Structures are given as C-alpha cells and as structure tokens.
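Worksheet: the structure to be examined is printed underneath.
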Amino acid sequence: MLAATAAPRIDAKRRVVLDHRKRQFAQAQWVEQGYEHRMNFYTIPPTGDITLEQFEEWGIGRLKVLAELEACQFRNRTPAETEEYMRPVLEKHLRLSSNRSNSSERDMERKKDHYSHWTLRLAFSGTADLRQRFARLETQLFKLRFQQDGSEERKKFIDSLPMSWETVSDEEKNLWLDELKAATNLNKTDEESWFKVDWEKVPELVERRQVLLKRGQAYVHVREQISMVVNEFSRTLESGLELAARFLPRMDEDNRLAPILHHLSQSFTAPDAGYSEESSIGDMASISAASIDGLSQHFPLCMQNLHRELRKNSHLKHFGRLQYTLFLKGIGLNLQECIVFWRKSFKLIADDKFKSEYLYNIRHNYGEVGGDANKRGRGYTPYSCQKLLTEAPPSAGQTHGCPYRTYSPDNLITLLQNVGVSDREVLRDVREYVGKQRYHIACNRVFEAAHKGEIKKVKDQSLWPASELDTILHPNTYFKRSFLLKNLGKVQSGDIGVDGPTQQMTD
C-alpha cells in the first residue's frame, strides 16, 4: 500500500493459508486497481503503492469531510441544507467526478477516495465508540453521494453489486400492475419499476406494508432501492470494522504507520487544523499591546478565559502564558509589542524578575532565541483545537486548555454567561454537545450565535466563498473570522481600526 514498503513480514507461500476471517486483507492481488464506478463499497482493500505523505494527507482530508458531516447533524440541518453545505466541502477535500466527466483527475480522485477510506477504517477500528461513529458518518457520506448520482450511473453501480434481487420483467409487471401500484403506494409521478427479493431481506418494508408479497417474494418499488443499498453498505462496513479491529495489532508493528493512525484517531475529537499565517490580521490592521483588550471581544472562549485571568491576577502560569503568547503571535502581534504586552500585564513584578524569568520564553516562542526548533527564526506555531483537546488537562489553579473540555458543565455555563452569552437555547445546546464530548461543536455554536446577523448577510449576499464558513478548528481561525464578520465592508475600504489604549493597559 505504501511506496516505501519494507520487505513483507509474511512470505508469499504463507499468504495463501491465512485464516479465512482475514480474507478481507488477503484476497486482493498486489496490483493497482481500477475504478469502474464512482461509488464504492470498499469491500477490497487497496493494493497499489502510495507514499506515506499521501497516506496521511488523504486520511486527513477525508476526516475533515466526516467532521463537517457530523457538524451538520449536530446543528440539525435538513437533508437539503446538509447537501448544500457539504457540496463545497466535498469539492475541496474529496471530489469524485462522474463517469460522464472528462476530467483527467477522475481515476486519481477515486483512488484517493478508496485509500482514504481504508486509512480511516484502520485508524478508527480500535474501540467500539470509534467504530460506531465512523460507520455512521461513512454511511451518511455514502448516502449523500449515492443520491447525487445520475440515474443511469446509479443503476450501473447497483447492477454491479452482489445483491440478491431481481428486476421485475415487463411481462410480470403487467400481470400484477394494479396490485403493485396499490401495495407500494405508487404516485402518478413515480417510475413504474420494481424488483423482487426474498421477503426476509426487507422486514421493515413488510412491517410497514410497502411491498407486494407473492410466493415468498417481496415486490419492492425502485424508490426503496437507495435505502436498501445504503443499509447493505452500513452492514458490510460494520462487519469490516470488526475484522479490522482484530487485524489492528499487526499494524502496531509498523513504526511508520502506527503514529499516523494514532494521530488520525486522536483527530476524531476535533480534526487537526494546522496554523496558517492567513489567520493573522497584521496585513489589514496595526496590532499593538494596547489594542489587545479591544480585540479580545473576538477571542474564542479559551483565549478570553486566559485574558480575563491575566487581567484579574496580573499573572498567568507557564502553560497559560505559552498558549496565550502563541495565540497573540498568530493574530499578528509582533515580538516587541508582545514583550510590551506581557511586561505591562505583569505589573506587580519587578523589571529584573521579568527579564530573568519571563523574557527569554517570549523571545523563544517567536524564534528569536533557542536551539534547532528555532533556527529558522519562526518559533512555535499557535495551538489548534485538537492540541488543546488532546493534551493532559490542567491541574488545579491553571486555566490553559479548552474550557469546554476542562470545566464542569455548570462552571462552563457560568463562564459563558460572564463573557456575555445569555441565550438559553445556545446554553442548552452547549451543555448537550459537551455531554457528548463534541467540544469544538459547542464552541462553533457559540460563535454562530454571536455572529448570527453577520453570517446571514454573508450568505445572503454571497460575500464569502462557502468554504470560508467551514467548522472552526483553530482559535486563530475563530479570531480572524469574528474580526472580519464584525468589520464587514471595512476591509475593502481600508477603514479597519483597532481600539487604542485602555485603562487596564496603562502603567
């Protein structure tokens, strides 16, 4: 599966006598596969060569798609709203062209889809909870794509499946036409097409009396075919995940893949979103130490919490300072202004102590001093939501990390109320999402409520590409999006300003 593969641990002679339960991983020949159809049941693992970078990058791209699908579910989007929202997400991360497309990338798109599914199948087969979530989201993705297929392409894919059904012939259809229409509640606009299957295969349709029963066969209208295919996909995947779970210990022997799979499984808490310098507003506004108080209205709760603690106690402990310094660096605060900010914030500390105990760490974070990690002068990057959610929680008396994860539900609600979140529906949703450990969804819910009017304007007037409103996965993305939404119209005119010095920032 990987280009840099070492010598196989199982020689060719032993492969043919693998346990039949492992056939899922042994039945394919080790050659490049073709993709006749856009859709895929992923019953056979990929067998061609890809690089380690592709293995990881393709998995991350698919994970972002699944995360957005889950976000749609938690936000109670309708199927139509979900389809509209997911269209640019799929186009960006996991495009799949139809057979009618003349795209030269079509085969590579299908290869990426195939490999990325199996990458995540391995990553998320370790626990029952991960397997259940992965199966549910992959089934939703399959259904979304399947419904978007053209009727001809969908029919060809269905015909290729080893499904135990038979299309009702014209002769048989004419014989039972009136009964078929009555039994399946056929509308005038519905296609007059049915298939038959053993009635035990469709017990839910029999129970709902939506089929015609004849001689042990259930005559099912073609409109039910999609749900049957989706259900079969789900059953096949759940079975495959159980098998992958038994195979997973063998993957731990590969020190190239195991870290990648572990990283991806951790990313199911919140997908990893690397920091981009585009999250800075330094190119559109002059940020100084004195402007941070005014800009804090755009901070996510994790950074608001640190800022409030700093203003309250004129001090932050080490990990809080590290998290906050990197965030401020990411929004565009330069090193000299950052030093000014921390010096004035630590107003109870003497200059000598500040210089000896704190100044070096600030310069180190910016890459001005330090060892190999800082040789290029860039320092460390701001923390993503995933990093904040997967690191060890803070000990007593510390405030770093993600409050949605580290605070008790009651204390979290109090904190949100203290920073101005008062909508009961929002607070109820936050409590629900936190209870399900969907911390980044709770944070996005607060963001959307705080920027409801601006988001509506952006959507109604198509001011931003749809991808600019993806689920937020990084504190610096939260800040910049909030800043831009609250300054709609000012960016183009160059009339963006930031608050000047405040009472708190004076000596």
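Below, each value reflects all heavy atoms present in this structure, side chains not excepted, and no hydrogens, waters or symmetry copies. The first residue of the sequence shown is numbered 1, and numbering continues consecutively from there. A quick note: this is a predicted structure, and the numbers were derived from the prediction, not measured.
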Is the closest basic N to carboxylate O distance between [X] and [Y] below 4.0 Å?
X      : Y      : answer
Arg95  : Glu105 : no
Arg62  : Glu138 : yes
Arg428 : Glu432 : no
Arg145 : Asp113 : yes
Lys64  : Glu68  : no

Which pair of heavy atoms, one from [X] and one from [Y], lies closest together, and at what distance?
X      : Y      : result
Ser345 : Arg311 : OG-NH1, 3.2 Å
Pro409 : Arg431 : CB-NH1, 3.7 Å
Phe124 : Leu264 : CE2-O, 3.2 Å
Ala135 : Leu237 : CA-CD2, 3.7 Å
Val430 : Ala442 : CG2-O, 4.0 Å
Asp49  : Lys111 : O-NZ, 3.6 Å

Check your understanding: Residues in side-chain hydrogen bond (donor to acceptor under 3.5 Å, both in side chains) with Glu391, at least two apart?
Key -> Lys387

Exercise for review: Could you list the residues that satisfy side-chain hydrogen bond (donor to acceptor under 3.5 Å, both in side chains) with Gln398, not counting sequence neighbours?
Suggested key: Ser395

Look up atom [atom1] in [X] and atom [atom2] in [Y], then write down how far apart they are to the nearest 0.5 Å.
X      : Y      : atom1 : atom2 : answer
Asn444 : Ile472 : CG    : CD1   : 5.0 Å
Gln148 : Lys143 : CD    : NZ    : 12.5 Å
Ile362 : Glu368 : CD1   : CD    : 11.0 Å
His114 : Thr47  : NE2   : OG1   : 8.0 Å
Phe341 : Thr325 : CZ    : OG1   : 8.0 Å
Cys72  : Glu83  : SG    : CD    : 11.5 Å

Any side-chain heavy atom of [X] within less than 4.5 Å of one from [Y]?
X      : Y      : answer
Thr139 : Asn231 : no
Ile292 : Ile287 : yes
Cys302 : Tyr478 : no
Arg110 : Leu96  : yes
Leu141 : Leu90  : yes
Leu488 : Trp464 : yes
Glu357 : Ile349 : no
Tyr439 : Leu388 : no

Review point. With a cut-off of 6.0 Å (strictly less than), are more than 12 heavy atoms of other residues, nucleotides or ligands near CD of Glu84?
Key: no

Review point. Crowded around Lys486 NZ? As in, over 12 foreign heavy atoms under 6.0 Å?
Key: yes

Ignoring hydrogens and geometry, is there a side-chain-to-backbone donor-acceptor pair from [X] to [Y] under 3.5 Å?
X      : Y      : result
Glu468 : Pro465 : no
Glu56  : Ile260 : no
Ser239 : Arg235 : no
Ser291 : Ser288 : yes
Lys92  : Val65  : no
Thr78  : Glu81  : yes
Asn365 : Asn361 : yes
Gln323 : Gly401 : yes
His298 : Phe479 : no
Arg405 : Leu389 : yes

Check your understanding: Taking only residues two or more places apart in sequence, or in another chain, which ones meet His451 in a ring pair (Phe, Tyr, Trp, His ring centres under 6.0 Å)?
Key -> Phe447

Practice item. Just grab all the ring pair (Phe, Tyr, Trp, His ring centres under 6.0 Å) pairs involving residues 390-418, residues at least two apart or on different chains. Key: Phe319-His400

Point to revise | Under 3.5 Å side-chain donor-acceptor pair for Ser234 and Arg136 | key: no

Under 3.5 Å, side-chain donor or acceptor atoms of residues 411-421 against the rest of the protein: list the pairs with distances, not counting sequence neighbours.
unit_1	atom_1	unit_2	atom_2	d
Asn411	ND2	Ser408	OG	3.2
Thr414	OG1	Asp410	O	3.1
Asn418	ND2	Thr414	O	3.3

Revision key, fill the gap. Exactly one candidate in Phe346, Trp342, Tyr324 meets ring pair (Phe, Tyr, Trp, His ring centres under 6.0 Å) with His315; the answer is Phe346

Check your understanding: Does Phe146 have its ring centroid less than 6.0 Å away from the ring centroid of Phe233?
Key -> no

Check your understanding: Using the ring of each side chain (for Trp, its six-membered ring), is Tyr42 parallel, tilted or perpendicular to His117, with breaks at 30° and 60°?
Key -> parallel

Practice item. Decide side-chain contact (heavy atoms from CB on, under 4.5 Å) for Trp118 and Arg121; before the verdict, give the C-alpha distance in whole Å, the side-chain angles of both, and the deciding distance to 0.1 Å. Key: CA-CA 5 Å; Trp118 274 88; Arg121 182 185 290 212; 3.6 Å; yes

Check your understanding: Residues in salt bridge (Lys or Arg N to Asp or Glu O under 4.0 Å) with Glu448, at least two apart?
Key -> Arg75

